Amino acid sequence: MKVTAISVFPEYFSPLELSLIGKARTQSLIDFRSINLRDYTADNHHSVDGTPYGGGAGMVMMAEPWGKAIDSILEKDEEIDLIILSPAGSKFNQRRAEQLSRASHLVFACGRYEGIDARVGDYYRGVKGVRVHEISIGDYVLNGGEVAALVIIEAVSRLIPGVIGNPASLDEESHNEVGALEYPTFTKPAKWRDLDVPEVLLSGNHGQIKKWRQEEAKRRSNLSQ
Ligand code: SAM
């Protein structure tokens, strides 16, 4: 899968060199690159923002550098999923991660300031081969879309075949079904401080263990509703 992040802080994406995603990149399972939006500006100051029409505080990211940056991607790739990060977008969840994991090229538009001129999304909704997704990672406001892009890239990447060493790890995870959480997990030692591992997990009785895990998963899921 190709992943491109457009940002005024391309350095924000250096964590993608680490851990499973870093490994997936060396194995060419994920082809990631970041683009500096300022490289698509025309003035000496490399300006990307302007005052908002209608007045108000803060600055808005201008459509033109975004248009040029996204067009440069479309020159090489005619099919992209363009993800515009915004607190006003539809809420990201595991279903959306599964859907995006089937894409061939994810392009993240990481806003800053008061966000991106709304015409960018409107324009690319009308361009053939571009699927526009306006996505929020939760009901809070971040300074920029980079952290949101990292969250989505991590959730999506682990669903790409080959990225997680043991694919069975994905079978019983929280959120595989809407609202369903995984059971609690424990490892050695069997007693830590005053706390014991539930006895059933030490019993070797696989039927009982399965039943206990199902009940615990249900209990946790109900608690989180
Ligand atoms: N003025 C905007 C509003 O109230 O909706 C907030 C802009 S925020 C300071 C700047 C950028 O951070 C946004 O354009 C978006 O790219 C990103 N951002 C902030 N919160 C986000 C969230 N919850 N999910 C996704 N992106 C977010």
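Note: hydrogens, waters and symmetry copies are ignored here, and every other heavy atom, side chains too, is used. Both counts, for ligands and for their atoms, begin at 1 and track the order of listing. Starting from 1, each residue takes its place in the sequence as its number. Nothing here was measured: the structure is a model prediction, and the numbers come from that model.
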Region of [X] that comes within reach of ligand 1 [heavy atoms, distance under 4.0 Å]:
{"X": "Ser136", "value": "both"}
{"X": "Ile135", "value": "backbone"}
{"X": "Asn143", "value": "backbone"}

Does [X] reach ligand 1 with a nitrogen or oxygen that is under 3.5 Å from one of the ligand's nitrogen or oxygen atoms?
{"X": "Cys110", "result": "no"}
{"X": "Tyr113", "result": "no"}
{"X": "Gly111", "result": "yes"}
{"X": "Leu142", "result": "yes"}
{"X": "Leu85", "result": "yes"}

Shortest protein heavy-atom distance from [atom], along with the residue and atom involved:
{"atom": "atom 14 (O) of ligand 1", "result": "Gly115 CA, 3.3 Å"}
{"atom": "atom 23 (N) of ligand 1", "result": "Tyr140 O, 2.8 Å"}
{"atom": "atom 18 (N) of ligand 1", "result": "Pro87 CD, 3.8 Å"}
{"atom": "atom 26 (N) of ligand 1", "result": "Ser86 N, 3.4 Å"}
{"atom": "atom 1 (N) of ligand 1", "result": "Glu114 OE1, 2.9 Å"}
{"atom": "atom 24 (N) of ligand 1", "result": "Ile137 N, 3.0 Å"}

Only heavy atoms of [X], strictly under 4.0 Å: list the atoms of ligand 1 that pass.
{"X": "Ala148", "value": "25 (C), 26 (N)"}
{"X": "Val141", "value": "6 (C), 8 (S), 9 (C), 20 (N)"}
{"X": "Gly145", "value": "12 (O), 16 (O), 17 (C)"}

Answer yes if the side chains of [X] and [Y] hold a donor-acceptor pair under 3.5 Å, and no otherwise.
{"X": "His105", "Y": "Asp81", "value": "no"}
{"X": "Ser90", "Y": "Arg96", "value": "yes"}
{"X": "Tyr113", "Y": "Asn143", "value": "no"}

Original post:
Are any of the protein's heavy atoms under 4.0 angstrom from atom 5 (O) of ligand 1, yes or no?
Top reply: yes
Original post:
Looking at CD of Gln99 and CG of Asn93, how far apart are the two atoms once the value is rounded to the nearest 0.5 Å?
Top reply: 9.5 Å
Original post:
Is there a donor-acceptor contact under 3.5 Å from the side chain of Ser47 to the main chain of Asp49?
Top reply: no
Subject >> Closest non-hydrogen atom pair, Arg95 against Asn176 >> reply: NH2-O, 2.8 Å
Original post:
Do we get Arg213 above Tyr183's six-membered ring, with its NZ or CZ under 6.0 Å from the centre and within 45° of the axis?
Top reply: yes
Subject >> Exceeds 12 heavy-atom contacts within 6.0 angstrom, atom CD of Glu78 >> reply: no
Subject >> Tyr53 and Asp117: CA distance, side-chain angles, deciding distance, side chain to side chain donor-acceptor pair (under 3.5 Å) verdict >> reply: CA-CA 10 Å; Tyr53 277 119; Asp117 188 311; over 6 Å; no
Original post:
Which of these passes side-chain contact (heavy atoms from CB on, under 4.5 Å) with Trp212: Glu216, Lys210, Gln214, Gln208?
Top reply: Glu216
**OP:** Report the residue from Val107, Leu106, Thr4, Val127 that forms a side-chain contact (heavy atoms from CB on, under 4.5 Å) with Ile80.
**Re:** Val107
